[in-house]
Visitor: 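Please see the structure below; I have some questions.
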2 protein chains.
Amino acid sequence: MLYGIAETLKKNQLSITDSRKKILELFMRTNGALAHADIEHQSGTEFDRVTIYRTLQTFVEKGIIHTIPTADNSVRYALCKDQCSAGKHHDDHVHFMCDACGTTYCLDHVVVPAVVLPKGFTVTQTDVVISGTCKNCVQ
Amino acid sequence: MLYGIAETLKKNQLSITDSRKKILELFMRTNGALAHADIEHQSGTEFDRVTIYRTLQTFVEKGIIHTIPTADNSVRYALCKDQCSAGKHHDDHVHFMCDACGTTYCLDHVVVPAVVLPKGFTVTQTDVVISGTCKNCVQ
DNA sequence: AATATTTTGCAACAATGTTGCATTGCATTA
DNA sequence: TAATGCAATGCAACATTGTTGCAAAATATT
């Protein structure tokens with residue numbers, strides 16, 4: 001992680017509040033992606049559900065985190081790397097979701113191969129979503 | 001489309017009912033993918049919401065339709081081609097969702113490039129989700 | 001046509017997400 | 001560092017989406 005918590009919030013012109021610090025910290029401590037429910041549980045009853053929703057929204061808008069499409073259409077969020085900027089997220093991104101444990105990985109070092117589209121289609125974002133068994137769940 | 005409506009239902013050992021016929025017909029008439037809401041609107045007040053949910057579930061289980069992961073995590077369904085079988089869906093699939101009109105296309109003829117994963121990861125399904133502007137929305 | 005099986009609709013509920021508004025907390029400036 | 005302005009929070013209420021149990025209706029089977 002290149003920036004600290006307070007630093008990241010300041011850089012994005014966000015007030016430094018307890019909920020934002022805690023939620024951002026949670027993302028920085030977590031290797032994979034988080035669902036809203038994960039955050040709600042892990043932060044206890046400390047914050048209102050609405051605050052968590054709004055915080056996640058804000059983080060997405062600022063390009064601090066991004067949403068991950070999953071095969072089961074559950075909403076998950078993960079920290080963005082540097083190439084993310086507000087509004088415009090990663091153009092290429094491989095995500096892996098384990099069918100067994102549900103952990104979602106950002107495989108940033110895996111190269112997304114170029115896809116050739118029919119004429120008339122313009123690409124703004126390519127997501128590769130892989131489901132399967134992760135290294136911790138293979139026996 | 002290779003099979004007719006009644007034929008498809010029979011083949012999958014499903015009773016032929018009004019809701020199933022109507023919903024399957026809707027999918028066959030539609031080029032892109034459908035969200036639950038689309039189906040609810042297009043079939044009017046004819047069927048109960050619950051019936052639509054259950055019909056979609058059944059179709060997914062039988063391999064008649066499949067769900068499509070989208071960048072905005074909305075749930076969409078589309079007809080499966082022949083290679084789909086119950087439980088085991090397409091291994092490779094490119095979907096395109098237009099940011100402008102929301103239409104979701106199954107680009108079956110577009111080849112999904114192989115992705116090399118780190119050791120210990122086993123793949124069961126690869127989805128490529130592309131967002132952008134479709135051929136009807138480019139000016 | 002009669003019976004067995006499946007599917008449907010209703011009601012109730014659970015989970016997820018959104019909005020408005022008063023209160024609280026943060027940041028700014030003097 | 002105290003006072004002020006602005007932004008974020010919590011609460012309540014609501015909207016949407018999805019699920020479950022069960023009696024009634026429709027379909028399939030004999």
Side-chain angles (χ1 to χ4, degrees), chain A residues 4-26 33-62 64-77 86 102 104, chain B residues 4-26 33-62 64-77 86 102 104:
Chain A
I5 291 167
E7 211 174 346
T8 303
L9 294 174
K10 251 188 196 152
K11 216 163 54 90
N12 287 285
Q13 301 169 317
L14 294 173
S15 309
I16 297 173
T17 65
D18 286 352
S19 58
R20 285 176 182 165
K21 276 192 286 183
K22 197 100 173 206
I23 293 174
L24 185 50
E25 196 209 339
L26 199 57
L34 294 169
H36 174 95
D38 297 330
I39 296 162
E40 206 170 333
H41 295 145
Q42 295 204 37
S43 65
T45 51
E46 204 170 343
F47 309 113
D48 195 85
R49 236 160 39 81
V50 178
T51 301
I52 298 176
Y53 277 115
R54 287 199 267 230
T55 302
L56 290 172
Q57 253 174 244
T58 306
F59 283 1
V60 169
E61 279 161 19
K62 293 293 185 177
I64 299 171
I65 61 176
H66 61 274
T67 62
I68 299 179
T70 57
D72 69 349
N73 281 287
S74 63
V75 183
R76 278 150 198 277
Y77 302 87
T104 306
Chain B
I5 290 169
E7 211 174 344
T8 303
L9 293 175
K10 251 189 196 151
K11 216 164 54 93
N12 287 285
Q13 300 169 317
L14 294 173
S15 308
I16 297 173
T17 66
D18 285 353
S19 57
R20 285 177 182 163
K21 275 191 286 182
K22 196 100 174 207
I23 293 175
L24 185 50
E25 196 209 338
L26 200 57
L34 294 169
H36 174 95
D38 297 329
I39 296 162
E40 207 171 333
H41 295 145
Q42 294 204 39
S43 65
T45 52
E46 204 170 343
F47 310 114
D48 195 85
R49 235 160 40 84
V50 178
T51 301
I52 298 176
Y53 276 115
R54 288 200 266 230
T55 303
L56 290 172
Q57 254 173 243
T58 305
F59 283 1
V60 169
E61 280 160 19
K62 294 292 186 177
I64 299 171
I65 61 176
H66 61 274
T67 63
I68 299 178
T70 57
D72 69 348
N73 281 288
S74 63
V75 183
R76 276 150 199 277
Y77 302 87
T104 305

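Below, read A as the first sequence line, B as the second, and so on, with proteins coming before strands; counting in each chain starts at 1. We use all heavy atoms of the structure for the numbers below, so side chains are in, but hydrogens, waters and symmetry mates are not.
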Visitor: Give the intermediate values and the outcome of side chain to side chain contact (heavy atoms under 4.5 Å, CB included) for residues B:T17 and B:T51.
Guide: CA-CA 11 Å; B:T17 66; B:T51 301; over 6 Å; no

Visitor: Please report, rounded to the nearest Å, how far the P atom of C:dT6 is from the NZ atom of B:K10.
Guide: 17 Å

Visitor: Any chance you could lay out the side chain to side chain contact (heavy atoms under 4.5 Å, CB included) test for A:L9 and A:F59, step after step, and finish with the verdict?
Guide: CA-CA 9 Å; A:L9 294 174; A:F59 283 1; 3.9 Å; yes

Visitor: Taking atom C1' of C:dG17 as reference, at what distance in whole Å does atom CZ of A:R49 sit?
Guide: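 My rounded result for the distance is 7 Å.
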
Visitor: To the nearest Å, how far apart are B:E40 CD and C:dG9 P?
Guide: 12 Å

Visitor: List the steps and the verdict of side chain to side chain contact (heavy atoms under 4.5 Å, CB included) for B:K22 and B:Q42.
Guide: CA-CA 10 Å; B:K22 196 100 174 207; B:Q42 294 204 39; over 6 Å; no

Visitor: When the distance from CG of B:N12 to P of D:dT27 is rounded to whole Å, what number comes out?
Guide: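 Checked: the CG to P distance equals 19 Å.
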
Visitor: Can you tell me which residue among B:D18, B:I52, B:T58 is in a side chain to side chain contact (heavy atoms under 4.5 Å, CB included) with B:I23?
Guide: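 Result for side chain to side chain contact (heavy atoms under 4.5 Å, CB included) with B:I23: B:I52.
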
Visitor: How many Å lie between OH on A:Y53 and C1' on D:dC14, as a whole number?
Guide: 14 Å

Visitor: B:I52 has an atom CD1; how far is it from atom P of D:dT20, in whole Å?
Guide: 18 Å

Visitor: Could you tell me whether the side chain of A:N12 and the main chain of A:L14 form a donor-acceptor pair under 3.5 Å?
Guide: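 Looks like no, no N/O pair under 3.5 Å.
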
Visitor: Taking for each residue the nucleotide of DNA chain D with the nearest heavy atom, is it B:Q57 or B:I16 whose nucleotide lies nearer the 5' end?
Guide: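 Final value for this comparison: B:Q57.
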
Visitor: Would A:I39 and A:L56 count as a side chain to side chain contact (heavy atoms under 4.5 Å, CB included) if you check the C-alpha gap in whole Å, the side-chain angles of each, and the deciding distance to 0.1 Å?
Guide: CA-CA 10 Å; A:I39 296 162; A:L56 290 172; 3.7 Å; yes

Visitor: Starting at CG of B:N73 and ending at C1' of D:dT17, how long is that distance when rounded to a whole Å?
Guide: 14 Å

Visitor: Grab the N/O contacts between the protein and nucleotides 4-11 of chain D below 3.5 Å, and write none if there aren't any.
Guide:
from   : atom 1 : to    : atom 2 : distance (Å)
D:dA8  : OP1    : A:R20 : NH1    : 3.0
D:dA8  : OP1    : A:R20 : NH2    : 2.9
D:dA8  : O5'    : A:R20 : NH2    : 3.4
D:dT9  : OP1    : A:T17 : OG1    : 3.0
D:dT9  : OP1    : A:S19 : OG     : 2.2
D:dG10 : OP2    : A:D48 : N      : 3.2
D:dG10 : OP2    : A:T51 : OG1    : 2.5
D:dG10 : N7     : A:R54 : NH2    : 3.3
D:dG10 : O6     : A:R54 : NH2    : 2.6

Visitor: D:dA15 C1' sits how many Å from B:H36 NE2, rounded?
Guide: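 Rounded to whole Å, this separation is 14 Å.
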
